[in-house]
Amino acid sequence: QVQLVESGGGSVQAGGSLRLSCLVSGSTYSVNCVGWFRQVAGKERERVARINTGYSTTSYADSVKGRFTIFHDNAKNTVYLQMNSLKPEDAAMYYCAAGVGFYGGGCSDKYWGQGTQVTVSS
C-alpha cells in the first residue's frame, strides 16, 4: 500500500520554472523507482522522467532533456521534478508513479497520484 500526492503545479509564462513534488507515503520500502508522467487531453500519456531512488539513476524523455531534472529527498520521502525553460507544449496534467525497478531498466509504475496541473502561456 503506497500513496502518492503531487503538488507544485501552477500557471507560468513560457521560459519560466516550476518545481513539482511527489510525496510518497505508506509502505515506502516496497518501491524503489518513481516516474513523472504527463498527459494532455486527446494524447497518450508520456513518461517525462524516472529515478531509481536506491541508486539515484535517472532517465528523461528527449523532449525535456536538458530542461527538467528529477531528484529525490529520502528524508522527506519526496521526489521532485524541477522544470526550467518551460514551453507551451509542456502544459499538461503531471502525475507521479512509483513501483519496483526491473533489471535492465524500467519501473512497474504500480502506484499513481492524482496529478497536478501545469499551464504554460506564451
Side-chain angles (χ1 to χ4, degrees):
Q1 299 179 10
V2 175
Q3 296 82 43
L4 307 177
V5 179
E6 304 96 335
S7 62
S11 180
V12 298
Q13 290 275 93
S17 298
L18 284 173
R19 179 177 290 183
L20 307 183
S21 299
C22 176
L23 176 64
V24 184
S25 61
S27 301
T28 58
Y29 55 85
S30 66
V31 299
N32 64 5
C33 56
V34 176
W36 280 99
F37 298 78
R38 65 188 183 188
Q39 189 167 32
V40 179
K43 301 187 68 176
E44 68 179 9
R45 187 176 61 205
E46 175 188 24
R47 178 168 58 81
V48 175
R50 176 171 287 154
I51 185 169
N52 181 307
T53 55
Y55 299 102
S56 295
T57 56
T58 61
S59 63
Y60 299 91
D62 288 342
S63 59
V64 307
K65 192 171 296 183
R67 299 187 297 119
F68 291 12
T69 303
I70 186 170
F71 61 100
H72 70 282
D73 184 338
N74 285 333
K76 296 181 178 180
N77 291 319
T78 301
V79 175
Y80 302 92
L81 183 68
Q82 178 67 45
M83 306 187 296
N84 297 326
S85 302
L86 283 162
K87 304 174 180 179
E89 53 263 43
D90 294 319
M93 183 71 76
Y94 282 73
Y95 302 87
C96 61
V100 178
F102 299 112
Y103 289 113
C107 182
S108 66
D109 300 323
K110 181 177 181 180
Y111 305 97
W112 291 78
Q114 295 190 5
T116 185
Q117 183 69 49
V118 172
T119 302
V120 184
S121 60
S122 59

Nearest-0.5 Å distance that lies between atom CZ in Arg50 and atom OG in Ser59: 6.0 Å
Closest approach of Val12 to Leu86 (non-hydrogen atoms, all atoms of both residues): CG2-CD1, 3.5 Å
Interatomic spacing from CD in Glu46 to OH in Tyr95 - rounded to 0.5 Å: 13.5 Å
pair Trp36-Val79: side-chain heavy atoms closer than 4.5 Å: yes
Spatial distance of atom CZ (Arg67) from atom CE (Met83) [nearest 0.5 Å]: 9.5 Å
Partner set under side chain to side chain donor-acceptor pair (under 3.5 Å) for Ser17, not counting sequence neighbours: Asn84
N-O pairing of Lys65 and Asp62 below 4.0 Å: yes
Closest approach of Leu4 to Ala98 (non-hydrogen atoms, all atoms of both residues): CD1-N, 3.5 Å
Close side-chain approach of Arg38 and Asp90, heavy atoms under 4.5 Å: yes
Gap separating the SG atom of Cys107 from the CD1 atom of Ile51, nearest 0.5 angstrom: 11.5 Å
Lys/Arg N to Asp/Glu carboxylate O, Asp109 vs Arg47, below 4.0 Å: no
Glu89 side chain to Ser63 side chain, donor-acceptor N/O pair below 3.5 angstrom: no
Any donor-acceptor N/O pair, Glu6 side chain to Gln114 backbone, under 3.5 Å: yes
Exercise: identify the closest heavy-atom pair between Gly101 and Asn32: N-OD1, 2.9 Å
Residue list, ring pair (Phe, Tyr, Trp, His ring centres under 6.0 Å) with Phe37, at least two apart or on another chain: Trp112
Disulfide (SG to SG under 2.5 Å) contacts in which one or both residues fall within residues 65-105, not counting sequence neighbours: Cys22-Cys96
Spatial distance of atom OG (Ser30) from atom OH (Tyr111) [nearest 0.5 Å]: 5.0 Å
Sequence neighbours excluded - ring pair (Phe, Tyr, Trp, His ring centres under 6.0 Å) pairs with any residue from residues 61-88: Phe71-Tyr80
Thr53 versus Val31, closest heavy-atom pair with distance: OG1-O, 4.5 Å
Audit row: Leu23, Ser7, side-chain contact (heavy atoms from CB on, under 4.5 Å) steps and yes/no: CA-CA 8 Å; Leu23 176 64; Ser7 62; over 6 Å; no
Throw together a table of side-chain donor-acceptor distances under 3.5 angstrom for residues 115-122, partners on residues two or more places apart or in other chains.
residue : atom : partner : partner atom : Å
Thr116  : OG1  : Gly9    : N            : 3.0
Gln117  : NE2  : Ala92   : O            : 3.2
Ser121  : OG   : Gln13   : OE1          : 2.6

Side-chain hydrophobic cluster, 4.5 Å single linkage: members besides Phe102: none
Gap between atom CG of Asn52 and atom OG1 of Thr57 - 0.5 Å precision: 4.0 Å
Shortest non-hydrogen contact between Ile70 and Tyr60, atoms and distance: N-OH, 2.9 Å
